[in-house]
Amino acid sequence: MLPIAIIGLGKIARDQHVPAIRADGRFQLAGAVDPHAQSDDVPVYPDLPALLAAGAPAAVAICTPPFARVAMAREAIAAGLHVLLEKPPGLTVDDVTGLESLAREAGVTLFTAWHSQEAAGVDAARDWLSQRTIEAVRVIWKEDIRVWHPGQEWILEAGGFGVFDPGINALSILTDILPAPLAVESAELEVPVGRSQPIAGTLALRSGDVPVSVELDFLHEGVQSWDIEIDTPDGMLKLAMGGAELTIAGETITVGTNVEYPRLYARFAELVARGDSDVDLAPLRIVAEALEVGVRREVEAFAFE
Ligand code: NAP
């Protein structure tokens, strides 16, 4: 069993990582690092040196907000630990390629874990699309920040990714299922007064000759939408619920249970066993480009309460 620690014992760590690690016989949850969190369940240390002093694990899953991820990963790799990076894997593409080199030199595994790529409908969607002509793609990714990220001020601050925090999940699915690489043509981003990250945005992308429109909204109340629609001459393929549900030409396709995090840990265990890394930067590249070329428009101030 591989002793593993979680760095950043927040919402996603408690909701998904802890249960997925506990359910996978190849891992043993050895502890957590978090400056303030408490747990009855797992020993929590204030920083990585304190965790290492208590007995080094073999691996860490870094589940902090993205701005803290790369520094923690550098420390972990320097300590000889295998590293799973929650998404987004870092703030910049260069940050993560730097980690990839460090991991290679240290002989440890680095895994950029894009959980939405493991959603139940994604493999079947990719297989079906690989035999078809794609005419147009639409992403409609609209959720209520107050429901899904209550009080997470960091998300709208520098390095928080704003509406790209959920939006990058859609992009990670697209980069996985579309045959041609994605490129950004234009982006319009709405940034609340006093914040640095967008709360909504529309992107025009291309995958080869295929137009890809992306609507992102973090202020959406009512029915939430994490949908991708893809037009083909054989009908529309629709991935809904973040990739968990698949319909093709109006017919529901059976895709099995949605077990994104168990699949991520299975993949991490295989990578470690083989001595390999898996570093996928394509979704981060698109977001970096959109933030770079996007036209920013200031909108009404946002407060969680
Ligand atoms: P969160 O609830 O704010 O949890 C982050 C935790 O990391 C907090 O306990 C935070 O402590 C701690 N932390 C901050 N800096 C740290 C450091 N240097 N060392 C150790 N711990 C540190 O955020 P979250 O929702 O879990 O999201 C974390 C990451 O997971 C994000 O990149 C997000 O995109 C990804 N994710 C989230 C979800 C979701 O549904 N929430 C789903 C999939 C992926 P303090 O609060 O004291 O700063």
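Computation of the quantities below employed the complete heavy-atom set of this structure, encompassing side-chain atoms and omitting hydrogens, waters and symmetry-equivalent molecules. Every number for a ligand or one of its atoms is a count from 1 in the order of the listing. The first residue of the sequence shown is numbered 1, and numbering continues consecutively from there.
Shown here, atom 46 (O) of ligand 1 is out of close reach of the protein: none of its heavy atoms lies under 4.0 Å off. Within a 4.0 Å radius of atom 18 (N) of ligand 1, the protein contributes one or more non-hydrogen atoms.
Under a 4.0 Å heavy-atom criterion, Pro65 is in contact with ligand 1. Taking 4.0 Å as the cut-off, Tyr261 counts as a neighbour of ligand 1 on heavy-atom distance. No heavy atom of Gln16 sits closer than 4.0 Å to any atom of ligand 1. Not a single heavy atom of Pro166 sits under 4.0 Å from any atom of ligand 1. Using a 4.0 angstrom heavy-atom cutoff, Trp154 counts as in contact with ligand 1.
Counting protein heavy atoms only, atom 29 (C) of ligand 1 is closest to Thr64 O, 3.5 Å. Atom 10 (C) of ligand 1 has its closest protein heavy atom at Asp34 OD2, 3.8 Å. Here the heavy atom of the protein found nearest to atom 7 (O) of ligand 1 is Gly8 CA, 3.3 Å. The closest protein non-hydrogen atom to atom 4 (O) of ligand 1 is Gly10 CA, 3.2 Å. Among protein heavy atoms, atom 26 (O) of ligand 1 sits closest to Ile12 N, 2.8 Å. Distance from atom 41 (N) of ligand 1 to its nearest protein heavy atom, with residue and atom name: Lys11 CD, 3.7 Å.
Within ligand 1, counting atoms from 1 as listed, the ones closer than 4.0 Å to a heavy atom of Cys63 are 5 (C), 28 (C), 29 (C). Residue Gln152 has at least one heavy-atom neighbour below 4.0 Å for each of these atoms of ligand 1: 1 (P), 2 (O), 3 (O), 23 (O), 24 (P), 25 (O). The contact set between ligand 1 and Pro66, taken as ligand atoms under 4.0 Å from a residue heavy atom, comprises 32 (O). Short contacts between ligand 1 and Ala68, defined as distances under 4.0 Å to a heavy atom of the residue, involve ligand atoms 18 (N). Heavy-atom contacts of Pro35 reach the following atoms of ligand 1: 20 (C), 21 (N), 22 (C) (cutoff under 4.0 Å).
Side-chain heavy atoms closer than 4.5 Å link hydrophobic residues (I, L, V, M, F, W, Y) into clusters, and following such links, possibly through other members, connects Phe164 to Ile145. Note on Leu2: it does not cluster hydrophobically with Leu52, by side-chain heavy-atom contacts below 4.5 Å among ILVMFWY residues.
Within the 4.5 Å cutoff, no side-chain heavy atoms of Ser196 are placed close to those of Leu156.
Selection from Lys87, Glu143, Glu75 by nearest heavy atom to atom 36 (N) of ligand 1 gives Lys87. The closest non-hydrogen atom to atom 34 (O) of ligand 1, taken over Leu85, Asp165, Val33, Leu48, comes from Asp165. With Glu86, His36, Arg69 as candidates, the residue nearest to atom 32 (O) of ligand 1 on a non-hydrogen basis is Arg69.
Checked against Leu178 for a side chain to side chain contact (heavy atoms under 4.5 Å, CB included), the options Leu205, Val137, Val210 give a single hit: Val137.
If you look at His82 and Phe111, their ring centroids are not closer than 6.0 Å.
Within the model, atoms NZ of Lys238 and CZ of Arg138 stand 9.5 Å from one another, a figure rounded to the nearest 0.5 Å.
For Phe67, the side chain to side chain contact (heavy atoms under 4.5 Å, CB included) partners at least two apart in sequence or on another chain are Pro65, Leu91, Trp154.
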For this session: Apply the test ring-ring contact (aromatic ring centres under 6.0 Å, His included) to residues His149 and Phe218: give CA-CA distance (whole Å), side-chain angles for both, the deciding distance (0.1 Å), then the verdict.
Result: CA-CA 10 Å; His149 304 274; Phe218 233 164; 5.3 Å; yes
For this session: Would you please test Leu219 and Ile199 for side chain to side chain contact (heavy atoms under 4.5 Å, CB included) and show each step?
Result: CA-CA 7 Å; Leu219 293 173; Ile199 201 151; 3.8 Å; yes
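Looking at every heavy atom in both residues, Leu99 comes nearest to Val70 through CD2-O, 3.9 Å. Looking at every heavy atom in both residues, Gly159 comes nearest to Gln197 through N-NE2, 4.0 Å.
Counting non-hydrogen atoms of neighbouring residues, nucleotides and ligands closer than 6.0 angstrom, the CG atom of Asp127 exceeds 12 such neighbours. At most 12 heavy atoms of other shown residues, nucleotides or ligands fall within 6.0 angstrom of atom CE in Met241.
When non-hydrogen atoms are compared, ligand 1 lies under 4.0 Å from neither the backbone nor the side chain of Ala37.
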